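Inspection log for the structure reproduced underneath, given as structure tokens.
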Amino acid sequence: MKKIVLFASGSGSNVENIVKYFKENGKVEISKVYTNNPNAYVIERCKQQGVPYMVFGRKEFAQNLLVLEDLRAINPDLIVLAGFLWLVPGAYVNAFPDKIINIHPALLPKYGGKGMYGQRVHEAVVANGESESGITIHYVNEKYDEGNIICQAKCKVLAGDTSDEVASKVHQLEYDYFPKTIEKLLL
Ligand code: GAR
């Protein structure tokens with residue numbers, strides 16, 4: 001049985017979607033969900049789904065590397081960032097080469113980098129009058145949103161679409177593509 005862990009900072013709708021996908025097909029275990037935000041709704045989703053979770057602060061993540069130690073003990077086949085907003089320190093990238101992936105809610109290299117996340121991305125896409133947006137699933141390196149791209153998928157942005165409408169199209173792409181891409185990388 002392959003093992004994965006997930007990192008999230010907010011709502012966690014992708015986490016829930018991935019957990020449900022692999023519960024159904026039984027090929028992959030979700031060993032743990034990690035969050036840096038003690039108020040994140042993803043914690044509620046973990047409780048509902050019966051998935052172990054860990055809340056950590058900057059110290060455990062980037063200084064004493066307690067989170068890295070925990071990951072080493074689990075030794076997951078893949079570490080999946082699903083709406084995780086902190087930069088991943090080099091120690092993690094070096095410890096798990098080509099085993100950390102992220103999803104970004106835009107067509108990188110457009111609309112990536114520090115400060116470009118969640119709703120901010122969709123607002124910028126609408127403000128610039130883009131006619132398309134989408135998702136990028138990529139490997140994680142020490143820079144925000146710059147690792148090698150694994151896959152991208154596009155949606156149309158229509159004249160008059162609000163950022164919420166773009167967000168909802170992008171989320172749908174995430175739900176469709178993210179679990180399947182994880183599965184492909186593992187099996
Ligand atoms: C997702 O759209 C994900 O692509 C984005 O945050 C959202 C989290 O939603 N990630 C980033 O912006 C990372 N730079 P969720 O908490 O409902 O899964």
Side-chain angles (χ1 to χ4, degrees), residues 4-23 30 32-49 51 53-56 61-62 78-89 92-93 100-128 130 132-157 161-183 185:
I4 66 170
V5 298
L6 306 170
F7 278 69
S9 300
S11 163
S13 70
N14 275 285
V15 166
E16 182 171 340
N17 180 55
I18 292 165
V19 167
K20 285 183 169 161
Y21 181 88
F22 288 116
K23 250 187 202 170
I30 314 294
K32 200 177 277 189
V33 172
Y34 295 84
T35 183
N36 60 304
N37 179 359
N39 302 313
Y41 188 66
V42 71
I43 295 173
E44 193 51 45
R45 296 189 200 261
C46 287
K47 289 180 186 162
Q48 283 166 10
Q49 298 298 322
V51 178
Y53 65 91
M54 179 197 241
V55 183
F56 60 87
F61 190 52
L78 204 61
I79 297 171
V80 177
L81 312 187
F84 182 62
L85 302 185
W86 283 1
L87 192 64
V88 175
Y92 293 74
V93 178
I100 312 180
I101 66 168
N102 178 47
I103 192 159
H104 188 77
L107 297 169
L108 291 173
K110 280 181 152 185
Y111 303 103
K114 191 169 162 56
M116 265 296 170
Y117 57 85
Q119 203 62 21
R120 290 189 188 186
V121 173
H122 309 305
E123 281 162 12
V125 164
V126 168
N128 287 342
E130 297 283 356
E132 61 179 21
S133 190
I135 60 166
T136 303
I137 299 171
H138 65 93
Y139 287 106
V140 169
N141 65 16
E142 285 173 60
K143 293 185 181 157
Y144 275 113
D145 305 324
E146 286 190 17
N148 288 339
I149 291 175
I150 299 162
C151 96
Q152 291 188 305
K154 290 180 183 176
C155 59
K156 287 202 178 340
V157 176
D161 271 359
T162 63
S163 59
D164 281 345
E165 282 162 337
V166 176
S168 134
K169 292 180 194 179
V170 168
H171 259 122
Q172 197 50 56
L173 287 176
E174 296 185 327
Y175 302 150
D176 291 345
Y177 281 85
F178 208 11
K180 287 181 190 141
T181 304
I182 293 167
E183 189 173 17
L185 290 172

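As the structure is a prediction and not an experimental result, all values here were calculated from the model. One-based numbering, in listed order, for ligands and for the atoms of each.
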(request) With sequence neighbours excluded, tell me which residues meet salt bridge (Lys or Arg N to Asp or Glu O under 4.0 Å) with E132. (result)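 Counting only residues at least two positions away or on another chain, E132 forms a salt bridge (Lys or Arg N to Asp or Glu O under 4.0 Å) with K154.
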Please give the N or O to N or O pairs under 3.5 Å between ligand 1 and the protein, distances rounded to 0.1 Å.
unit_1	atom_1	unit_2	atom_2	d
ligand 1	2 (O)	E174	OE1	2.9
ligand 1	2 (O)	E174	OE2	3.1
ligand 1	4 (O)	E174	OE2	2.4
ligand 1	9 (O)	H171	NE2	3.3
ligand 1	12 (O)	G118	N	2.9
ligand 1	14 (N)	H104	ND1	3.4
ligand 1	16 (O)	G12	N	2.7
ligand 1	17 (O)	S13	N	3.1
ligand 1	17 (O)	S13	OG	2.6
ligand 1	18 (O)	S13	N	3.3
ligand 1	18 (O)	N14	N	2.9
ligand 1	18 (O)	N14	ND2	2.9

(request) Please list, chain by chain and in numerical order, all residues satisfying side chain to side chain contact (heavy atoms under 4.5 Å, CB included) with K180, sequence neighbours excluded. (result)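 For K180, the residues satisfying side chain to side chain contact (heavy atoms under 4.5 Å, CB included) (neighbours in sequence not counted) are Y21.
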(message) Tell me every residue that passes side chain to side chain contact (heavy atoms under 4.5 Å, CB included) with N141, counting only those two or more places apart in sequence or in another chain.
(response)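 So N141 forms a side chain to side chain contact (heavy atoms under 4.5 Å, CB included) with K143, E146.
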(message) Once you measure the plane-to-plane angle for F61 and W86, does it fall in the parallel (<30°), tilted (30-60°) or perpendicular (>60°) bin?
(response)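 Plane angle between 30° and 60°, so tilted.
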(request) Report the C-alpha separation of R45 and S11 in whole Å, then their side-chain angles, then the decisive distance to 0.1 Å, and conclude whether the side-chain hydrogen bond (donor to acceptor under 3.5 Å, both in side chains) test is met. (result) CA-CA 9 Å; R45 296 189 200 261; S11 163; 2.8 Å; yes
(message) Treating E165 as the side-chain partner and T162 as the backbone partner, does any N or O pair qualify as donor plus acceptor under 3.5 Å?
(response)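 Yes; judged by distance alone, with no hydrogens or angles, the pair exists.
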